[in-house]
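As C-alpha cells, the structure follows; a few thoughts come after it.
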Amino acid sequence: MKYESAQQTAIRPGLSAHTIRERDTQPEHGEKASANGERPVRVAMPLMNSAYPVGKCREFIEAIPDEDVRAIAWGEYYYYSGQAELAAETMKPYEGSADPALRYSANLVSFFANFTRGRIQQAMRAFEQMQADLRNDLRRDSAPVQRAIGAFAVTASSVLLHLPMGCEVDLQQYICYLPDGLKLWACYMLAHRMYLEKNYNGSLAIAELSLSMSLRVYPVSAIYVHLVAAMDLMSLKRVEEAKRHMAQAWALAQHDGFIEPFGEHHGLLQGMIELFFQKDYPEEFEKIIAITYSFSAGWRKIHRRISRHEVADNLTTTEFTIAMLYNHGWTAKEIAAYMLLSPRTITNTIQVIYQKLGISSKRELGQFMLS
C-alpha cells in the first residue's frame with residue numbers, strides 16, 4: 001500500500017507547498033495578544049491549537065516561551081504519543097490553576113489519561129471539575145471564549161465517552177469563539193456525535209468540510225478529523241476512500257509518534273488498523289493494540305459506572321471488529337472480503353460472539369456495541 005508523505009498531506013487545493021510551509025512554521029504557542037498590549041492571553045490545549053511543522057513537534061514545544069503553556073503542551077504530547085502516565089503527572093500541578101486555560105487543559109488531558117490508566121476516581125474528579133467550572137462560567141456570564149473552552153472540554157468528555165453533560169450547553173453556539181485549531185477539533189466532536197447517531201453522511205460532510213476550510217494544518221486536530229471521516233466511510237462501505245483518510249491521518253501522526261488517536265478509535269476502525277499497520281508498521285501496531293486495550297478497559301469502567309449498561313468486554317480484537325461491522329449492516333461475505341478471511345470463518349466467529357455475549361440474535365448484539 002502506498003501512503004502519502006506528511007508534506008503531501010499538508011498541501012490542499014489552492015495552496016502551494018511554499019505557502020503551506022511558510023504559514024505552518026509560524027509559531028502560535030497557544031497564546032493570543034491582549035488588546036492593551038499586556039501579557040498574551042493563554043489559549044487552552046496549546047499543542048492541539050497550533051499549526052507546527054509535521055515531524056517537528058518536540059522542537060516546537062521547546063520553543064514555547066511561556067513556561068506554563070510549554071508544560072501543558074508537553075502534557076498533551078505525552079498523551080497523544082501513548083504515554084498516559086507522564087501526561088497525567090505533567091498535568092497534575094495545573095488541575096487547580098487560577099488560569100482557566102491552564103485548568104481546563106489540565107483537567108481535560110487528566111481525564112483521558114487517568115481513565116486510560118484505569119484510575120477512574122481521578123478521571124471522574126477531572127470531569128466533575130470541568131463540569132463545575134463550566135456551570136460557574138455560565139452563571140457568571142464569563143467572556144464568550146472562556147465559556148467556549150468550557151463547552152469544548154465538557155463536550156469532548158461527554159461525546160467521546162458517552163457520558164451525561166451535567167449542564168445544558170450546546171457547543172455549536174460557542175464554536176465561533178474558539179481559536180482555529182480548537183475549532184477544527186470541535187468539528188471532529190460534532191462529526192463524532194453525528195456518527196454515533198448513525199448519520200454517517202452528515203458526519204462525513206462535517207469532517208471533510210472542516211478539513212477543506214482550514215487555512216493552516218493543525219496536525220493533532222486534523223488527525224482526529226481524518227479518523228472520524230474514515231469511520232464514516234467504513235460505515236458507508238466506501239473502503240478505499242476510508243483508507244485514504246487513514247493514510248492522511250498517519251502521515252500527520254507518524255513522525256511525531258502520535259499513536260494514541262489510532263488506539264482510541266477501536267470500533268469500525270480497528271479492522272482497518274490491523275490491515276493498515278500490522279504488516280508495514282509492526283512496532284507501532286503492537287503499541288496501538290496496547291492502547292486499545294487500556295483505553296477500552298477504562299472506557300468500560302466509566303461507562304458501567306455512569307450508565308449501568310453492559311458492553312462487550314470479553315471479545316478478542318478480531319471478534320470485536322467483526323461484531324462492529326456486522327452490527328453496522330455488513331454481510332458475512334462483505335466482512336470476509338474486507339478482512340481477507342473466508343465467509344465461513346466470519347459466520348463461525350459471529351456464533352462465537354453470540355455465545356460469549358449470551359445472546360442469540362443480531363438485534364440483541366446492538367445493545368453491546370456502542371457505536
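Computed from a prediction, not measured in an experiment: that's the story for all the values here.
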(request) Go through the steps for Y52 and I61 under the test side chain to side chain contact (heavy atoms under 4.5 Å, CB included), then give the verdict. (result) CA-CA 9 Å; Y52 58 84; I61 295 172; over 6 Å; no

(message) Hydrophobic clusters here meaning ILVMFWY residues chained together by side-chain heavy-atom distances under 4.5 Å, can you tell me if L196 and M231 are in one?
(response) yes

(request) Please check if the distance between the ring centroids of W185 and Y218 is under 6.0 Å. (result) no

(message) Measuring only between side-chain heavy atoms, which start at C-beta, is L227 closer than 4.5 Å to E264?
(response) no

(message) Under a 3.5 Å threshold, yes or no: a donor from one side chain and an acceptor from the other, between D68 and Y94?
(response) yes

(message) Within this structure, what is the CD-CZ distance for the pair Q122 and F111, rounded to the nearest 0.5 Å?
(response) 12.5 Å

(message) When you compare the side chains of E364 and S360, does any donor N or O come within less than 3.5 Å of an acceptor on the partner?
(response) yes

(message) Tell me the closest heavy-atom pair linking A44 and N49, and the distance in Å.
(response) O-CB, 4.2 Å

(request) May I ask you to test the Y200-R238 pair for a side-chain heavy-atom distance under 4.5 Å? (result) no

(request) Quick one: pull up CG in D232 and NE2 in H192 and give me the separation to the nearest 0.5 Å. (result) 9.5 Å

(request) Taking all heavy atoms of R70 and all of P65, pick out the closest pair and write down the distance. (result) NH1-O, 3.7 Å

(message) Between D137 and Y104, is there a side-chain heavy-atom distance shorter than 4.5 Å?
(response) yes

(message) Nearest 0.5 angstrom please: I175 CD1 to S210 OG, how far?
(response) 8.5 Å

(request) Can you see which heavy atom on T292 is nearest to which on G263, and at what distance? (result) OG1-O, 3.2 Å

(message) In the structure I gave you, are the side-chain heavy atoms of W74 and L86 within less than 4.5 Å of one another anywhere?
(response) no

(request) Fit a plane to each ring of F262 and W250, take the angle between them on a 0 to 90° scale, and name the class: parallel (under 30°), tilted (30 to 60°) or perpendicular (over 60°). (result) perpendicular

(request) Tell me whether L209 is reachable from L184 by hopping between hydrophobic residues (I, L, V, M, F, W, Y) whose side-chain heavy atoms are closer than 4.5 Å. (result) no

(request) Taking the side chain as every heavy atom from C-beta outward, state whether L233 and K243 have any pair of such atoms under 4.5 Å apart. (result) no

(message) Does the plane of the ring in F276 sit parallel, tilted or perpendicular to the ring in Y281? Use 30° and 60° as the thresholds.
(response) parallel

(message) So if I apply the side chain to side chain contact (heavy atoms under 4.5 Å, CB included) rule between P219 and each of D256, V54, L47, which one comes out positive?
(response) V54

(request) For the residue pair Y80 and Y224, establish whether any side-chain heavy-atom pair is separated by less than 4.5 Å. (result) yes

(message) Could you check whether any side-chain heavy atom of I350 comes within less than 4.5 Å of a side-chain heavy atom of I346, counting everything from C-beta outward?
(response) yes

(message) What's the separation between atom CE in M246 and atom CD1 in I223, rounded to the nearest 0.5 Å?
(response) 12.0 Å

(message) Are Q129 and E95 packed together at the side-chain level, in the sense that at least one heavy-atom pair is separated by less than 4.5 angstrom?
(response) no

